[in-house]
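Let me give you the structure first, and then I'll get to my questions.
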Amino acid sequence: AQKVTQAQTEISVVEKEDVTLDCVYETRDTTYYLFWYKQPPSGELVFLIRRNSFDEQNEISGRYSWNFQKSTSSFNFTITASQVVDSAVYFCALRGSNYQLIWGAGTKLIIKP
Amino acid sequence: DTAVSQTPKYLVTQMGNDKSIKCEQNLGHDTMYWYKQDSKKFLKIMFSYNNKELIINETVPNRFSPKSPDKAHLNLHINSLELGDSAVYFCASSQLPNTGELFFGEGSRLTVL
């Protein structure tokens with residue numbers, strides 16, 4: 001069975017703090033893809049990143065970084081120097097051999113000014 | 001230009017009524033989806049079409065019927081609306097089936113009274 005767990009339901013930090021959103025996945029597939037999406041208060045889901053199972057290099061995009069560790073089946077997302085505009089619900093997702101996206105429950109991130 | 005557009009954005013209706021939500025994408029993508037997001041933000045795939053053909057049909061009541069007149073449009077018709085149908089419905093598209101990199105519309109919030 002495939003599963004994505006985002007154990008943090010809600011995180012609240014003060015602006016400029018760093019924050020890490022956890023994502024743990026389960027799959028028996030050897031080839032799979034992991035994703036992060038952002039859903040700001042406006043509602044629209046926005047694709048952030050895709051990572052395949054053969055590429056464990058960490059990715060950095062501005063203040064965003066992703067840490068993929070197969071040994072712990074985790075694909076964590078860190079925002080450095082958070083800003084109020086980062087406030088959103090963030091979803092982690094997994095795509096395995098059945099080609100369907102398995103979504104986590106989402107983590108609501110609140111950045112306080 | 002909005003890449004994936006849904007109408008209406010808000011829909012309030014009585015139980016038992018029939019309603020439709022329209023979706024159009026101008027990205028030239030082959031695949032379109034309908035997702036349901038409940039009040040706890042949980043995302044559930046409902047349907048997926050690739051080049052007007054149904055490829056994903058999850059366990060949803062048969063009161064829900066998707067229609068794809070062409071690959072740029074995917075509409076959702078709901079018969080005999082029930083209270084439990086209240087949710088936000090998202091349309092999405094992707095270049096290829098099940099790539100996982102989805103482009104979402106802004107969502108249509110359906111409230112059944």
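So that the names make sense, note that chain A is the first sequence line, chain B the second, and so on, each numbered from 1.
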> Are there more than 12 heavy atoms of other residues, nucleotides or ligands under 6.0 Å from atom NZ of B:Lys71?
Replying inline: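 Atom NZ in B:Lys71 is crowded, with more than 12 foreign heavy atoms closer than 6.0 Å.
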> Transitively linked via ILVMFWY side-chain contacts under 4.5 Å: A:Phe75 with A:Phe35?
Replying inline: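 No, A:Phe75 does not connect to A:Phe35 through the hydrophobic network.
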> For the hydrophobic clusters of this structure (ILVMFWY residues joined by side-chain heavy atoms under 4.5 Å, transitively), does one cluster hold both B:Leu83 and B:Phe64?
Replying inline: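 Same hydrophobic cluster.
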> Residues of residues 102-113 of chain A under 4.5 Å from chain B (heavy atom pairs)?
Replying inline: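 When heavy atoms of chain B are the reference, residues 102-113 of chain A contributes A:Trp103, A:Ala105 within the under-4.5 Å range.
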> Same hydrophobic cluster for A:Ile60 and A:Leu48, using side-chain heavy-atom links shorter than 4.5 Å among ILVMFWY?
Replying inline: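 No, no single cluster joins them.
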> Taking B:Val4, B:Ile56, B:Val88 one by one, which has the highest count of heavy-atom pairs under 4.5 Å against chain A?
Replying inline: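 The answer is B:Ile56.
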> Cluster question for you: counting only ILVMFWY and a side-chain heavy-atom cut-off of under 4.5 Å, with indirect links fine, are A:Tyr25 and A:Ile49 together?
Replying inline: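 Hydrophobic grouping puts A:Tyr25 with A:Ile49.
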> Considering only heavy atoms, which portion of B:Glu58 lies under 4.5 Å from any heavy atom of chain A: side chain, backbone, both, or neither?
Replying inline: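 Contact with chain A: side chain only.
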>> Using 0.5 Å steps for rounding, measure from the CD atom of B:Glu101 to the OH atom of A:Tyr37.
In response: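 Those atoms lie 6.5 Å apart.
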> Just wondering, are more than 12 heavy atoms of other shown residues or ligands nearer than 6.0 Å to CD in A:Gln57?
Replying inline: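 For A:Gln57, atom CD is not crowded (no more than 12 foreign heavy atoms under 6.0 Å).
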>> Check this for me: B:Glu53, atom CD, are more than 12 non-hydrogen atoms of other residues, nucleotides or ligands nearer than 6.0 Å?
In response: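 Counting other residues, nucleotides and ligands, CD of B:Glu53 stays at 12 neighbours or fewer.
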>> Tell me whether A:Lys16 at atom NZ has more than 12 heavy atoms from other residues, nucleotides or ligands lying less than 6.0 Å away.
In response: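 Open: at most 12 neighbouring heavy atoms sit under 6.0 Å from NZ of A:Lys16.
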>> Determine whether A:Leu101 and B:Leu43 satisfy the following criterion, side chain to side chain contact (heavy atoms under 4.5 Å, CB included), listing intermediate values before the conclusion.
In response: CA-CA 10 Å; A:Leu101 267 183; B:Leu43 278 162; over 6 Å; no
> What are the residues of residues 103-113 of chain B, in order of number, with any heavy atom under 4.5 angstrom from a heavy atom of chain A?
Replying inline: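 Listed by number: B:Phe104, B:Gly105, B:Glu106.
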>> For the OG1 atom of A:Thr9 and the NZ atom of B:Lys41, what is their distance to the nearest 0.5 Å?
In response: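 That separation rounds to 14.0 Å.
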> Which atoms of B:Leu102 come close to chain A, meaning under 4.5 Å heavy atom to heavy atom: side chain ones, backbone ones, both, or neither?
Replying inline: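 Both parts, heavy atoms under 4.5 Å.
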>> With a 6.0 Å cut-off (strictly less than), is the heavy-atom count around CD of B:Gln95, excluding the residue itself, greater than 12?
In response: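 No, not enclosed.
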> Is it the side chain or the backbone of A:Tyr33 that comes within 4.5 Å of chain B heavy atoms, both, or neither?
Replying inline: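 When you check distances to chain B, no heavy atom of A:Tyr33 falls under 4.5 Å.
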>> Let me check something: do A:Leu45 and B:Met32 share a hydrophobic cluster, defined by ILVMFWY side-chain heavy atoms less than 4.5 Å apart, either directly or through other members?
In response: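 In one cluster: no.
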> Is it the case that more than 12 heavy atoms not belonging to B:Lys44 sit under 6.0 Å from its NZ atom?
Replying inline: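 More than 12 within 6.0 Å, yes.
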